[in-house]
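Some notes on the structure that comes next.
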Amino acid sequence: MVSISRVLVALATVVLTAAPALAHFGMVIPSQDVVTSKEKAKVDLVVSFSHPMEGKGMNMAKPKAFGVVDGGKKTDLLATLKPTKVMDHDAWKSEYTFKRPGVGIFYVVPEPYFEPAEDKYIEHLTKVVVPAFGEEEGWDEPVGLPAEIIPLSRPFGNYVGNVFTGKLLVDGKPAAGVDVEVEYYNKDNAYTPPNEYLVTQVVKTDANGVFTYAVPFAGWWGFAALTDAPQTIEKDGVAKKVERGAVMWAKFVDPKHKKK
């Protein structure tokens, strides 16, 4: 018979080691959230796969697709990607120069990443929107990805405290009851979450696929709506599930103080 003390020790071990799993995020972070002058028309873009709040990276294979929709025209930028490092792991970088007023929707389709801890593949279809020279038409247009967040709030030019509202489309249809994980890009380790539940926050999509989140402090924020892809991928002779995330990044800023 197992002693009561051994049972209590086992339960205590479970309690002490149980913690929310680290959330994965596809990331496309531009060097500037808006383009306002010809002198700064070139935007550097960094593409990675990371745990943005904890500052922990993962190696990212070269994506299957990377491009921009600018003025309704889709441009393939895959050949412009060059290797770089993010959080000491393999990542990718590119650049894009705006030549006229427009809204650029940058997107990436990664190679699926196998996560041993979850025994499944993960692919995050990720977007970020950058407007140029005062134009703002088209920020809510879909790119046509299998899973995609369509912003219902303009995803740029937002103050801290604004809410971000988006609609999740899966195969072009609203997806209800889906978890949307939210994380801050803690690039400079400026913040320490008080506990593990504040590393990743979670909201759900409603019956129309809509979710809302109020942003508490300035910086880049990622929204990852997580669904399962219809197909599996075989690994070592076993079919593995594929988590398909629709991810969008948006920056929220503090107002500048007037100089006295």
Side-chain angles (χ1 to χ4, degrees), residues 20-29 33 49-54 65 69 103 105-110 112-113 115 118 120-129 136 138-186 193 196-217 219-232 240-252:
L22 298 180
H24 304 76
F25 276 77
M27 301 180 69
V28 182
I29 303 298
D33 55 319
F49 190 52
S50 308
H51 304 294
M53 187 55 152
E54 296 101 328
V69 178
V103 172
I105 306 174
F106 297 92
Y107 64 93
V108 63
V109 179
Y113 171 91
E115 176 52 73
E118 301 183 39
K120 65 181 179 183
Y121 283 89
I122 299 173
E123 62 173 8
H124 279 185
L125 315 176
T126 305
K127 301 193 304 183
V128 69
V129 181
E136 57 177 285
W139 51 262
D140 54 351
E141 294 294 326
V143 171
L145 302 172
E148 184 171 1
I149 291 174
I150 305 300
L152 300 182
S153 307
R154 192 181 64 179
F156 49 83
N158 287 303
Y159 287 119
V160 173
N162 287 167
V163 298
F164 179 79
T165 302
K167 174 183 280 190
L168 173 62
L169 298 182
V170 176
D171 295 327
K173 299 178 180 178
V178 175
D179 283 351
V180 181
E181 296 184 335
V182 184
E183 276 202 23
Y184 172 74
Y185 183 20
N186 198 14
E196 60 267 33
Y197 292 101
L198 289 164
V199 173
T200 307
Q201 298 179 78
V202 181
V203 297
K204 276 186 175 290
T205 61
D206 66 12
N208 298 311
V210 174
F211 67 91
T212 300
Y213 178 82
V215 173
F217 42 85
W220 284 100
W221 286 84
F223 305 87
L226 306 180
T227 61
D228 288 330
Q231 75 275 15
T232 58
K240 303 293 184 182
K241 289 185 176 180
V242 180
E243 173 189 292
R244 177 172 285 166
V247 183
M248 169 159 275
W249 285 88
K251 189 174 184 180
F252 294 77

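Numbering of residues begins at 1 and proceeds along the displayed sequence.
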Checking side-chain hydrogen bond (donor to acceptor under 3.5 Å, both in side chains) against Thr212, which of Asp206, Thr205, Thr165 comes through?
-> Thr165
First locate atom OG1 of Thr200, then atom CG of Asp179, and finally report the distance between them rounded to the nearest 0.5 Å.
-> 11.5 Å
Is the number of heavy atoms from other residues, nucleotides or ligands within 6.0 Å of NZ (Lys240) greater than 12?
-> yes
What closest approach, in Å, do Val247 and Gly26 show between heavy atoms, and which atom pair accounts for it?
-> CG1-O, 3.5 Å
Could you give the distance from NZ (Lys251) to CG (Asp33), rounded to the nearest 0.5 Å?
-> 4.5 Å
So which of Trp220, Phe223, Trp249 actually passes ring pair (Phe, Tyr, Trp, His ring centres under 6.0 Å) with Phe164?
-> Phe223
Quick one: do Arg244 and Asp228 make a salt bridge, cutoff under 4.0 Å?
-> no
Nearest 0.5 Å please: distance from the NE2 atom of His124 over to the NE2 atom of His24.
-> 8.0 Å
Which heavy atom in Asp140 sits nearest to a heavy atom in Pro151, and how many Å separate them?
-> CB-O, 3.6 Å
For Glu123 and Pro112, work out which heavy atoms get closest and say how close.
-> OE1-CG, 4.0 Å
Decide yes or no on side chain to side chain contact (heavy atoms under 4.5 Å, CB included) for Leu168 and Thr227, but give the supporting numbers first.
-> CA-CA 10 Å; Leu168 173 62; Thr227 61; 4.2 Å; yes
Which pair of heavy atoms, one from Pro146 and one from Leu125, lies closest together, and at what distance?
-> CD-CD1, 3.7 Å
Passes side chain to side chain contact (heavy atoms under 4.5 Å, CB included), Phe49 versus Thr126? Steps please.
-> CA-CA 10 Å; Phe49 190 52; Thr126 305; over 6 Å; no
Is there a side-chain contact between Val178 and Phe211 (heavy atoms, below 4.5 Å)?
-> no
Check each of Tyr185, Tyr213, Phe25 against Trp221 using the ring pair (Phe, Tyr, Trp, His ring centres under 6.0 Å) test, and report the only one that passes.
-> Tyr213
Taking atom CZ of Phe217 as the centre, does the number of heavy atoms from other residues, nucleotides or ligands within less than 6.0 Å exceed 12?
-> yes
Tightest non-hydrogen contact, residues Val215 and Val160, listed as O-CG1, 3.8 Å
Between Phe252 and Asn158, is a side chain to side chain contact (heavy atoms under 4.5 Å, CB included) present by the stated rule, with each step listed?
-> CA-CA 5 Å; Phe252 294 77; Asn158 287 303; 3.4 Å; yes
Hits for salt bridge (charged side-chain N to carboxylate O under 4.0 Å, His left out) against Lys167, two or more places apart or cross-chain, chain-then-number order -> none
Could you tell me whether a side-chain N or O of Glu183 sits under 3.5 Å from a main-chain N or O of Met53, the two making a donor and an acceptor?
-> yes
Can you tell me if Glu243 uses its side chain to pair, donor with acceptor, with the backbone of Leu226 under 3.5 Å?
-> no
So, for Lys127 and Ile105, which heavy atoms are closest and what is the spacing to 0.1 Å?
-> CD-CG2, 4.1 Å
Say whether, by atom type as modelled, one donor and one acceptor occur between the side chain of Glu118 and the main chain of Glu115 under 3.5 angstrom.
-> no
Verdict with supporting geometry, Val103 and Glu141, side chain to side chain contact (heavy atoms under 4.5 Å, CB included) | CA-CA 10 Å; Val103 172; Glu141 294 294 326; over 6 Å; no
Listed by chain and number, what are the salt bridge (charged side-chain N to carboxylate O under 4.0 Å, His left out) partners of Glu136, not counting sequence neighbours?
-> Arg154
